[in-house]
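Okay, structure first, notes after.
Below, read A as the first sequence line, B as the second, and so on, with proteins coming before strands; counting in each chain starts at 1. Note that the structure is predicted; figures quoted are calculated from it, not measured.
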Number of protein chains: 2
Amino acid sequence: MVASLVGDPARSNMLTALMTGRALTASELAHQAGITPQTASSHLSKLEAGGLIEPEKQGRHRYYRLTGPDVAHVLEGLAGLAERAGHTRVRTGPKEPALRRARICYDHLAGDLGVQMLDSMRSQRLVRQTKQSIELTGEGKRFMAEALQIDIETLAHPRRPVCKACLDWSERRHHLAGTLGAAVMSRFTELNWAARDPAPGSRVVNFTRTGEKQFAALFGHAQD
Amino acid sequence: MVASLVGDPARSNMLTALMTGRALTASELAHQAGITPQTASSHLSKLEAGGLIEPEKQGRHRYYRLTGPDVAHVLEGLAGLAERAGHTRVRTGPKEPALRRARICYDHLAGDLGVQMLDSMRSQRLVRQTKQSIELTGEGKRFMAEALQIDIETLAHPRRPVCKACLDWSERRHHLAGTLGAAVMSRFTELNWAARDPAPGSRVVNFTRTGEKQFAALFGHAQD
DNA sequence: TTCATAGTTCGATGTTAACCGAAGCATCGT
DNA sequence: ACGATGCTTCGGTTAACATCGAACTATGAA
């Protein structure tokens with residue numbers, strides 16, 4: 001049954017990550033879904049057997065993509081029904097609630113707080129988001145310099161964008177990635193506002209008391 | 001999550017039964033899905049909470065229908081994906097395999113054998129099936145009279161059709177209902193070809209050795 | 001009123017499947 | 001050759017949920 005494939009939270013997270021049309025590797029998908037590679041592997045083979053995704057081997061990577069636009073269409077339809085029912089509440093994947101609150105996504109902040117930050121930046125007009133790309137406004141550059149002592153000019157990178165929207169598996173919305181996202185996260189760490197959980201391999205990010213307060217002052221709930 | 005609602009076999013059976021557009025009572029749906037009323041009640045409230053179906057009270061009955069054509073549309077889309085993947089294999093509901101082989105659906109034969117019978121009748125040109133209605137051919141009338149000593153003329157009924165296609169939950173295909181379906185089943189019983197399971201409340205139908213043989217001779221696997 | 005039917009709620013049971021650790025290929029880089 | 005990385009397979013644990021029996025509510029019939 002196809003529906004039961006989509007029904008599982010972890011698989012659903014993977015599929016939404018693939019909705020962009022891009023092909024992603026198995027480990028990227030595992031990361032997006034917040035599960036280990038072993039578990040992801042099992043899910044991916046099930047999705048493949050169900051004809052929803054197809055793999056492409058490339059070196060030691062396996063890239064997966066949706067098998068076709070019809071799949072994306074049905075997934076959108078399901079999302080539409082969920083929306084209509086006000087049923088959009090996030091069915092979180094497995095494991096720790098702390099992971100949903102704040103965690104590391106590669107090198108930047110993800111989870112509830114990560115999404116909240118980007119939301120706030122949008123409503124404060126610090127960034128302009130057009131379709132797939134994000135751009136910092138003049139206001140935004142000033143803000144980063146003054147509030148966080150981050151010089152945008154130093155963030156340019158040949159292969160990596162400064163701002164990038166990254167899909168958040170626990171929130172199903174975007175948080176800030178790119179070199180700016182990384183810079184912000186490391187600044188948080190330097191300022192002793194937050195620290196990665198000491199447990200080996202953990203992606204949880206713990207905020208300090210003052211960190212929480214400062215974060216709220218800068219990116220507190222937007223009223224838009 | 002909407003998809004997980006559709007993913008469960010029992011719920012999926014109920015939904016496909018509702019795909020006709022008609023509203024069905026809770027017990028009818030339980031019957032179609034092959035589960036007890038208690039279980040059905042739980043499923044129905046979940047489907048209602050998910051916004052897929054809506055109830056209508058009428059006396060002591062609760063009629064359920066799909067909330068809209070968009071729901072039906074998404075369900076069709078899912079079925080389409082399943083089809084495309086050659087993934088149409090029946091994910092049966094719970095319980096006894098005997099129930100899937102042959103059982104009573106109100107008063108006629110359902111399950112694997114029920115579906116097989118109607119299939120065979122079609123390929124033998126005993127019936128003509130147009131969209132939603134089924135009609136016995138002249139050949140069919142002769143067949144019923146000779147092979148089963150059933151006189152079609154006596155089967156007319158003011159409120160009930162002689163032939164009717166009834167959706168089979170375990171096979172997802174039609175079997176024969178209506179007064180003819182009932183007549184055939186009671187003939188099978190009289191001829192000692194089959195008998196309802198003596199266990200109280202059981203819907204299982206047990207075929208005798210000779211019954212199996214005779215049935216196969218009349219409705220053996222069609223080669224169409 | 002009393003009985004029967006339709007449906008729900010509650011509690012207990014059982015099965016399924018997601019999950020991860022550990023170990024096993026395969027591929028790439030050196 | 002060797003180690004590192006990406007991914008898979010295997011085994012055992014755990015949590016979620018479908019399932020049913022029994023008891024309860026509501027509606028209709030006698």
- Looking at B:Lys46, does any N or O in its side chain come under 4.0 Å of the phosphate oxygens OP1/OP2 on D:dC17? no
To the nearest angstrom, the CG-C1' distance between A:Leu29 and C:dA18 comes to 17 Å
Here the distance between atom P of D:dC17 and atom CG of B:Leu5, to the nearest Å, is 11 Å
Taken in chain and number order and not counting sequence neighbours, the residues that satisfy side-chain hydrogen bond (donor to acceptor under 3.5 Å, both in side chains) with B:Thr210 are B:Thr208
Heavy-atom closest pair (B:Ala17 atom, B:Leu24 atom, distance to 0.1 Å) is O-CD1, 3.8 Å
A:Asp8 has its side chain closest, among C:dC19, D:dT8, D:dA18, to C:dC19
### Task
With heavy atoms under 4.0 Å as the rule, sort A:Tyr63 into base, sugar-phosphate or nothing.
nothing
Atom CG of B:Leu44 and atom P of D:dC17 are separated, to the nearest Å, by 18 Å
A:Arg187 meets the side-chain hydrogen bond (donor to acceptor under 3.5 Å, both in side chains) criterion, sequence neighbours left out, with A:Gln149, A:Glu190
The side-chain hydrogen bond (donor to acceptor under 3.5 Å, both in side chains) partners of B:Thr36 (sequence neighbours excluded) come to B:Gln38, B:Thr39
query = Any side-chain N or O of B:Thr36 under 4.0 Å from OP1/OP2 of D:dC20?
reply = yes
task: Compare side-chain N and O positions of B:His43 against OP1 and OP2 of D:dC17 and report whether any pair is under 4.0 Å apart.
output: no
Identify whether any heavy atom of A:Thr25 sits under 4.0 Å from a base atom; if not, whether one sits that close to sugar-phosphate; answer base, sugar-phosphate or nothing. sugar-phosphate
Closest to the side chain of A:Ser27, out of D:dA18, D:dC7, C:dC19, is D:dC7
Testing D:dC7, C:dT8, C:dA6 for proximity to the side chain of B:His61, the answer is C:dA6
Whole-Å distance, A:Ile53 CD1 to D:dC7 P, equals 12 Å
Here the distance between atom C1' of C:dC19 and atom CE of A:Met14, to the nearest Å, is 12 Å
Practice item. Decide yes or no for A:Leu176 and A:Leu109: does some side-chain heavy atom of the first lie under 4.5 Å from some side-chain heavy atom of the second? Key: no
Protein and nucleotides 26-30 of chain C: nitrogen or oxygen contacts under 3.5 angstrom:
none

Using a distance-only criterion (donor-acceptor N/O pair, under 3.5 Å, no hydrogens), is the base of C:dG7 paired with the side chain of B:Gln38?
no
From NE2 of B:His31 across to P of C:dG7 the rounded distance in Å is 13 Å
Residue set satisfying ring pair (Phe, Tyr, Trp, His ring centres under 6.0 Å) with B:Tyr63, at least two apart, ordered chain then number -> none
All heavy atoms of A:Ala10 vs all of A:His43, minimum pair found to be CB-NE2, 3.8 Å
* **Any A:Ser42 side-chain nitrogen or oxygen under 4.0 Å from OP1 or OP2 of C:dA17** => no
Check whether any side-chain N or O of A:Ser41 sits under 4.0 Å from OP1 or OP2 of D:dC7, and answer yes or no. no
With a 4.0 Å limit, can you tell me whether B:Arg11 has a side-chain N or O closer than that to the phosphate oxygens OP1/OP2 of D:dA18? yes
Please check the phosphate of C:dA18 (OP1 and OP2 only) for any side-chain N or O of A:Thr39 closer than 4.0 Å. no
Sorted by chain and residue number, the side-chain hydrogen bond (donor to acceptor under 3.5 Å, both in side chains) partners of A:Glu48 (sequence neighbours excluded) come out as none
